[in-house]
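Accompanying notes for the structure given below.
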Amino acid sequence: MAAEDPATRRVQVAEHPRLLKIKEKFNSKFGSTPKFYVRAPGRVNLIGEHIDYCGYSVIPMAVEQDMLIAVEPVKTHTLQLANTDPLYPDFSTDSICIDKTKPLWHNYFLCGFKGIQEHFGLSKLPGMNCLVDGNIPPSSGLSSSSALVCCAGLVTLTVLGMRLSKVELAEICAKSERYIGTEGGGMDQSISFLAEEGTAKLIEFSPLRATDVKLPSGAVFVIANSCVEMNKAATSHFNVRVMECRLAAKVLAKHKGLQWDNVLRLEEVQSKLGISLEEMLLVTEDALHAEPYSREEICRCLGISLEELRTQILSPDTQDELTFKLYQRAKHVYSEAARVLQFKQVCEEAPDNAVQLLGELMNQSHRSCRDMYECSCPELDRLVDICRKFGAKGSRLTGAGWGGCAVSLVPADVLSSFLASVHEAYYQRSASRLAREKQSLFATRPGGGALVFLEA
């Protein structure tokens, strides 16, 4: 595993059109020249949805789309932040205050900034002028927000002249993104730093590790944006699912006679019992019922009062929820965790029908996300069906869901007809309601991780 520092490259800015463009915009904005540039990629999760925060491994890869920031350290203790997209207003501050009630763009930068500041115990902020340029479609499930958090963390580290490994940076950024109120698991930040060109990664947690997953030749992954935006920090959908998984873990642990108080993740129940994922699915069938659990029933299962449930277990944004679906969420997590291991095994063994097998795992994953985890939406389901109809061996939602993108595994020999057919069937026929700038349909290959560029 690459545990070294994030790479630093010396480049001739004039030879890189995007760097040159951001340098010129920086000059017109701040009247000075950037000292360095930082990029952090977005990602597409191939399989393993909503299981990283339950303690299970996932298989993402970095995409070529990224966040790019031009930076100039300054002697004051003021952060000045601007964006090349006029939709995102300028921001300036000399103290860190992250408003969880409004997930504004600059708050994601502040998360990474604060994470590094707190890690080193700094009382004063490093001053800097920053210009952000992103080409990851926002709220598309390709992790634009986490890429900005990672970029900000690496920017701050570089301004301070400090050093951290990629793994340390990923862990700090995963933790610090929670300042915005999203209880994520760390996949997005890990792949942003640990990605390498040409390979997907199996990302494992506690401790954080990344292992190469060689994807089959003869097929490509295609990303299609449903054009339905979902900001997971702006709704409670995401955090309610996190809480349902936590409650399921506690109820399963209590059912099996384990010390349940400190159990937070479904993976902990499996590891404490020392049984397989398939056996955990049987335990789930035995211990949990399909009807939603009321707060009162959860209290009876755990032998606690409503007040204890509210103050000691539920998070502030889940305290008003009246019912929780424990069986469905646990069933999705344990079956999806098993699919991740099967996906990796197929890639390692590379049988002749590898593409077919991987596609079927992706299809199973989408069904489970749709039916058990309920994180799809009608547009995503329609897009997935269209992708399969025109030649994808597998297609599934990727990212948090409730909108965003689908990822499809497409044999290379049908790629051009696939792209044309999906474009016509999904985008052109729905042109009146789909914003043109949000339409994106592209083949992608595994990209590299976060980088610092210095002018040669």
Side-chain angles (χ1 to χ4, degrees), residues 42-50 60 63 65 67 85 87-88 102-105 108 134-148 180-182 184 187-188 221-242 317 328 332 336 362-363 365-390 392 394-410 418-419 421-444:
R43 62 98 192 96
V44 58
N45 190 27
L46 303 180
I47 198 159
E49 221 59 77
H50 285 281
V63 293
Q65 287 79 358
M67 286 289 170
D85 187 335
L87 281 177
Y88 303 108
K102 294 178 186 159
L104 300 170
W105 81 278
Y108 291 99
N135 58 13
I136 309 167
S139 301
S140 63
L142 300 180
S143 202
S144 57
S145 51
S146 296
L148 182 52
I180 203 97
T182 304
M187 164 181 55
D188 302 350
F221 286 96
V222 175
I223 296 170
N225 193 351
S226 72
C227 302
V228 176
E229 289 196 1
M230 191 277 168
N231 185 325
K232 64 187 179 191
T235 71
S236 63
H237 295 322
F238 186 91
N239 287 350
V240 167
R241 296 301 185 279
V242 176
D317 61 351
Q328 291 86 341
H332 166 75
E336 185 79 347
M362 291 172 70
N363 292 337
S365 172
H366 184 79
R367 281 196 292 275
S368 184
C369 285
R370 181 191 67 202
D371 302 337
M372 291 287 112
Y373 222 72
E374 296 175 283
C375 62
S376 191
C377 66
E379 294 87 352
L380 267 175
D381 293 338
R382 184 168 155 263
L383 179 55
V384 161
D385 287 344
I386 286 169
C387 290
R388 289 182 194 149
K389 178 183 173 184
F390 290 113
S395 188
R396 58 179 293 276
L397 67 82
T398 186
W402 298 287
C405 289
V407 60
S408 300
L409 183 58
V410 181
F418 172 85
L419 293 172
S421 300
V422 172
H423 186 268
E424 185 189 352
Y426 187 77
Y427 298 102
Q428 287 188 327
R429 290 186 192 170
S430 314
S432 57
R433 64 182 180 82
L434 298 179
R436 284 273 168 216
E437 64 274 12
K438 279 195 271 183
Q439 290 185 24
S440 50
L441 175 69
F442 57 92
T444 189

Here the gap from C405 atom SG to L441 atom CG, rounded to the nearest 0.5 Å, amounts to 10.0 Å
For G48 and E336 the tightest heavy-atom approach is N-OE2, 3.1 Å
CG (D188) and OG (S145) are apart, to the nearest 0.5 Å, by 7.0 Å
* Asked: Does some side-chain heavy atom of S376 sit less than 4.5 Å from a side-chain heavy atom of C369?
  -> no
H366 and D381: side chain donor to acceptor below 3.5 Å | yes
- Would you indicate whether the side-chain heavy atoms of V228 and L380 approach each other to under 4.5 Å? no
Review point. Is Y426 reaching over with its side chain to a backbone N or O of V384, donor-acceptor style, under 3.5 angstrom?
Key: no
Sorted by chain and number, sequence neighbours left out, ring pair (Phe, Tyr, Trp, His ring centres under 6.0 Å) with H50 holds for Y53, F238, Y373, W402
So OG of S140 and CG of N225: to nearest 0.5 Å the spacing works out to 5.5 Å
Distance col, row S143:OG vs Q65:CD, nearest 0.5 angstrom, shows 12.5 Å
Hits for side chain to side chain donor-acceptor pair (under 3.5 Å) against S395, two or more places apart or cross-chain, chain-then-number order -> S408
Applying side chain to side chain donor-acceptor pair (under 3.5 Å) to E49 and not counting sequence neighbours gives N45, R396
Practice task
Evaluate the side-chain proximity of L397 to L383: yes if any heavy-atom separation is below 4.5 Å, no if none is.
Solution key: no
Output for pair (T444 OG1, I223 CD1), nearest 0.5 Å, gives 5.0 Å
Here the gap from R367 atom CZ to R370 atom CZ, rounded to the nearest 0.5 Å, amounts to 7.5 Å
Residues R241 and E374: closest non-hydrogen pair is NH2-O, 2.9 Å
query = Any side-chain heavy-atom pair from F221 and M362 closer than 4.5 angstrom?
reply = yes
